[in-house]
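For reference, the structure is listed below as C-alpha cells.
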Amino acid sequence: MIVVRTIAEARAALRSLPRPLGFTPTMGALHEGHLSLVDAARSCCASVAGSVFVNPTQFGQGEDFGAYPRDEARDFSLLEDRGVDLVFAPSPAEMYPVGFATGVHVSGHLTEAYEGASRPGHFDGMVLVVTKLLHVVQPDVLFLGEKDAQQLAVVGRFVRDLDLPVEVVGVPTVREPDGLAMSSRNAYLTAEHRALAPNLYRALLAGRAAAGGPGGTSKDVVVAATSALLMPAVPHDDAERAAALRGEAPSAAPRFDLDYLAIVDADTFAPQAVLGPRSLLIAAARLGPTRLLDNVTLSASAYPAKDATT
Ligand code: AMP
C-alpha cells in the first residue's frame, strides 16, 4: 500500500492505478464500518484509494476535534490488510495552507435541518473537504456510509449540482452484535452509557415495525412507537419502579437526551407527515457527552442497491 502525504505525491501515484478507482474518505480511528466501504470498493473497482484526515473545518467550536481518536499506524495496517492500494493522509496545512479562502456551500433545508441545525458549519466543512478530496483523488466511484444518511444526501446533491464525474454509492450501516451502529465516537461511551446505547437502534426498529402495522403510514404513529422506547415516560427498570412506588425522585440512571427524531425523504431530507417510497426514520441523541446518530429505512426502496444519487 502506498502512503502519500501531499497532494502532488497523491496525484503522481494515482496515475499508475488501474481504473475504475474506488475511494473511501475517512477520519481514521477505523472500525468494521469503514472497512465495509473498502470491501464494497474492492468488489467493484480495479483499485481502491482511502484517505485518513481529521478535517478541522467540519468540527464546530467546543466539539471534539482535539480529542478525536487518532491511531494512524493501526489505521494504515487495517487498510493494507483489506487491500487498499493507496492511502492519502495529508496534514491540515497541506489541505488548508496559509491564505486558504474558498468555501463550498450547499444551501437550503438539506444542510440547515437536523445535523445542520445541531452542528452549525459542519456541512460546509464536510462539503469543502470532500470536494477537495474528489479533485485530488479523481475516483470513479465514491463510497459513503448510510449511517451518515444526511451526509450521503448532501454529497449526492453537490456531486450532481457541480457535475462531478463520480458515482456515489451508499454502503449499509455496520453494527455491533447488540445493534449499536459502529462509530469512532463509541469509544467515548462509559460502560453505563454503552449498555443503554443499543436502545437507539431498538427504538428505530420499533418505529419501523409500527410502520408495517395499523395506521403505519402516518408519521405520528411511527414517531410515537420510537419515542416510547427511547424516552420511556414510565420507570425503565425494577429499581426505578420500586423508587417511584416509594415516591422518591427519579434516579440518576442514564437517559437519552433526544436531539431530533424525524421521518424524512432520503434524498431531500424534507420532513414527511405520510410515509413515502424513500422514507427514512432518523435520530440523534446524546448519552452524556457522546452524541449518537442512527437511521433506518421505512421502505425497501429508500436505498437502491447501487447508486444513491440517482
Ligand atoms: P468518518 O470517519 O466518521 O468520517 O466516516 C467515514 C465514512 O465511514 C463515512 O462515509 C461514514 O458514513 C462511514 N461509516 C462510519 N460508520 C459506519 C458504519 N457503522 N457503517 C458503515 N459506514 C460507516
Side-chain angles (χ1 to χ4, degrees), residues 1-28 30 34 37-38 40-42 44-59 65 68 72 75-76 79 84-108 110-111 115-116 121-145 148 150-171 267 306-310:
M1 186 177 77
I2 309 164
V3 177
V4 287
R5 301 279 180 185
T6 69
I7 292 166
E9 280 169 350
R11 290 208 159 115
L14 284 159
R15 260 181 238 126
S16 63
L17 293 187
R19 295 276 170 166
L21 172 66
F23 178 46
T24 61
T26 79
M27 297 205 300
L30 301 182
H34 297 113
L37 306 181
V38 172
R42 266 263 77 91
C44 62
C45 295
S47 317
V48 180
S51 63
V52 174
F53 179 58
V54 185
N55 174 38
T57 64
Q58 71 189 68
F59 288 79
F65 174 69
Y68 198 83
E72 224 181 48
D75 290 342
F76 291 173
L79 291 174
V84 167
D85 298 288
L86 177 143
V87 64
F88 177 46
S91 65
E94 177 70 9
M95 293 295 274
Y96 305 112
V98 174
F100 189 94
T102 299
V104 189
H105 179 67
V106 176
S107 58
L110 180 56
T111 55
E115 287 304 287
H122 168 69
F123 282 128
D124 283 348
M126 184 278 288
V127 168
L128 179 61
V129 80
V130 175
T131 305
K132 280 182 68 89
L133 290 170
L134 289 176
H135 280 298
V136 173
V137 177
Q138 303 198 1
D140 300 291
V141 194
L142 171 66
F143 294 86
L144 299 174
D148 298 288
Q150 197 170 359
Q151 167 174 281
L152 180 59
V154 171
V155 172
R157 182 75 261 163
F158 80 77
V159 161
R160 286 196 296 280
D161 289 352
L162 298 179
D163 308 303
L164 300 182
V166 64
E167 181 188 1
V168 181
V169 171
V171 178
D267 292 320
K306 198 130 198 309
D307 185 0
T309 69
T310 51

(request) Quick one: closest heavy-atom pair of Ser51 and Phe23, and the distance? (result) OG-CZ, 3.5 Å
(request) In plain terms, say whether Arg160 and Asp267 are close enough for a salt bridge, that is, a side-chain N and a carboxylate O under 4.0 Å apart. (result) no
(message) For a quick test of reading the model, state the closest non-hydrogen atom pair linking Cys44 to Pro20 and the distance between them.
(response) O-CG, 4.1 Å
(message) Can you confirm whether Leu144 sits close enough to Leu37 that some side-chain heavy atom of one is under 4.5 Å from a side-chain heavy atom of the other?
(response) no
(message) Within the 4.5 Å heavy-atom criterion, are Leu79 and Val38 side-chain neighbours or not?
(response) yes
(message) For a quick test of reading the model, state the closest non-hydrogen atom pair linking Val155 to Met126 and the distance between them.
(response) CG2-SD, 3.8 Å
(message) Under a 3.5 Å distance rule, please check whether Glu9 uses its side chain to pair with a backbone N or O of Arg5 as donor and acceptor.
(response) yes
(request) Can you see which heavy atom on Val137 is nearest to which on Leu14, and at what distance? (result) CA-CD1, 3.6 Å
(message) According to side chain to side chain donor-acceptor pair (under 3.5 Å), who are the partners of Ser47, at least two apart in sequence or on a separate chain?
(response) none
(message) Minimum heavy-atom separation for Ala89 and Glu72, please, with both atom names.
(response) CB-OE2, 4.1 Å
(request) List for me each residue that meets side chain to side chain donor-acceptor pair (under 3.5 Å) alongside Asp163, sequence neighbours excluded, and say none if there are none. (result) none
(message) Please find the pair of heavy atoms, one from Gly116 and one from Phe123, that lie closest to each other, and give the distance.
(response) N-CE1, 3.5 Å
(message) For a quick check under 3.5 Å, do Tyr68 and Asn55 share a side-chain donor-acceptor pair by atom type?
(response) no
(request) Sequence neighbours left out, what passes side-chain contact (heavy atoms from CB on, under 4.5 Å) with Arg19? Give chain and number order. (result) Leu21, Gln138, Asp140
(request) Check whether any side-chain N or O of Gln150 sits under 3.5 Å from a backbone N or O of Leu110 as a donor-acceptor pair, and report yes or no. (result) yes
